[in-house]
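Following: one structure in structure tokens, then a few remarks.
We count ligands from 1, going down the list as the structure has it; atoms in each ligand are counted the same way.
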Amino acid sequence: MRAAAQAVEAELGLIVPERAHDGLGRLHAAMRYALLGGGKRLRPFLVIESARLFDAPGAGALRVAAAIEMVHCYSLVHDDLPAMDDDDFRRGRPTAHIAFDQATAILAGDGLLTLAFEVLADPATDADAACRCLLVQRLAQAAGMAGMVGGQMIDLGAGRRSLGIGEIRELQALKTGALIGFACEAGALLGRASAAERQALLDYASDLGLAFQIADDLLDVEGDAKLVGKGVGKDAAAGKATFVGVLGVEGARREARRLGQSAAERLAPFGGRADRLAAVAAFVVERKH
Ligand code: GRG
């Protein structure tokens with residue numbers, strides 16, 4: 001994961017390079033602040049590793065990895081705004097609207113979201129226009145109303161309303177799962193995988209996304225804010241419906257481990273080539289940040 005993170009950070013630095021201050025200097029600086037401020041780079045890792053399963057060209061995978069990280073970083077910037085989760089601390093430092101201001105943070109998020117699609121649509125990502133079109137369509141679906149944005153809306157509306165486990169699963173499958181699903185599917189698209197291989201990766205991503213979210217809920221209850229890099233204890237304070245709230249700490253941990261194991265089993269068709277993806281399913285469950 002560290003190697004993937006370094007590679008994608010270098011790519012992000014090339015796509016959004018440092019530049020002299022001009023009329024848009026503040027916006028540009030805020031976009032770089034949001035992009036280059038740490039983070040595990042899990043989604044880029046998933047793109048790179050799923051593409052590697054099919055020997056897809058590394059340069060294209062790196063561009064898709066950068067694009068998905070742009071969408072992820074935009075979502076964090078907007079999620080931290082006072083109108084949403086109202087967080088001052090993320091990735092171990094002030095959130096974008098604290099470091100800059102709210103209007104700049106909103107526009108930096110918008111700039112990152114749109115730039116992601118510009119990157120996907122560029123022939124440098126894949127020589128085949130049909131493949132690029134599919135990547136654009138699938139990311140739009142994963143990030144938009146049928147995915148992350150829809151999940152976030154449901155989450156905001158669900159505040160203080162008690163949700164059942166099935167509803168929480170559905171909400172989280174949209175809010176965090178859809179983008180994780182795209183990360184894995186993108187590798188299959190770049191590698192011209194068969195429909196069955198693409199589906200196996202989507203099934204892996206579905207279990208992985210839920211395991212990831214349960215671990216996130218556990219970190220909010222048990223995590224150390226210094227390690228997690230953001231405020232903890234926020235879900236309970238906001239009366240949010242979470243896996244831990246419904247299953248309890250031990251039940252949630254059991255469910256996360258079950259899902260992590262199930263995710264790894266979904267990779268059986270790829271044999272040893274998918275060892276790193278399988279290992280990340282265990283990391284996601286036991287992580288401390
Ligand atoms: C604002 C449209 C919009 C969507 C926001 C993803 C999201 C939806 C909000 C983030 C809030 C949150 C804490 C969600 C839980 C899971 C999650 C996405 C955690 C952050 O992702 P990590 O752990 O972060 O991959 P790093 O910093 O490592 O990249």
Under 4.5 Å side-chain linkage, directly or through intermediates, the cluster mates of Leu227: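 Members besides Leu227: none; it forms no cluster.
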Pairs flagged by salt bridge (Lys or Arg N to Asp or Glu O under 4.0 Å) wherever residues 137-147 is involved - sequence neighbours left out: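 Applying salt bridge (Lys or Arg N to Asp or Glu O under 4.0 Å) to every pair that reaches into residues 137-147, excluding sequence neighbours, yields Arg138-Glu185.
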Salt bridge (Lys or Arg N to Asp or Glu O under 4.0 Å): pairs with one or both residues in residues 224-233, sequence neighbours excluded: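 Listed by first then second residue: Asp216-Lys230.
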Flag if over 12 foreign heavy atoms under 6.0 Å of CZ, Arg254: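 Open.
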Under 4.0 Å from ligand 1, counting heavy atoms only: the protein residues, by chain and number: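 Protein residues near ligand 1 are Gly39, Lys40, Arg43, His72, Tyr74, Ser75, Leu76, His78, Asp79, Met84, Arg91, Met148, Val149, Gln152, Lys175, Thr176, Phe212, Gln213, Asp216, Lys230, Arg287.
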Donor + acceptor pair across side chains of Arg63, Thr125 (<3.5 Å):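 Their side chains do contain a donor-acceptor pair, which is all the 3.5 Å distance test asks for.
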Ring center gap for Phe212 and Phe283 short of 6.0 angstrom: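 Phe212 vs Phe283: aromatic centres not under 6.0 Å.
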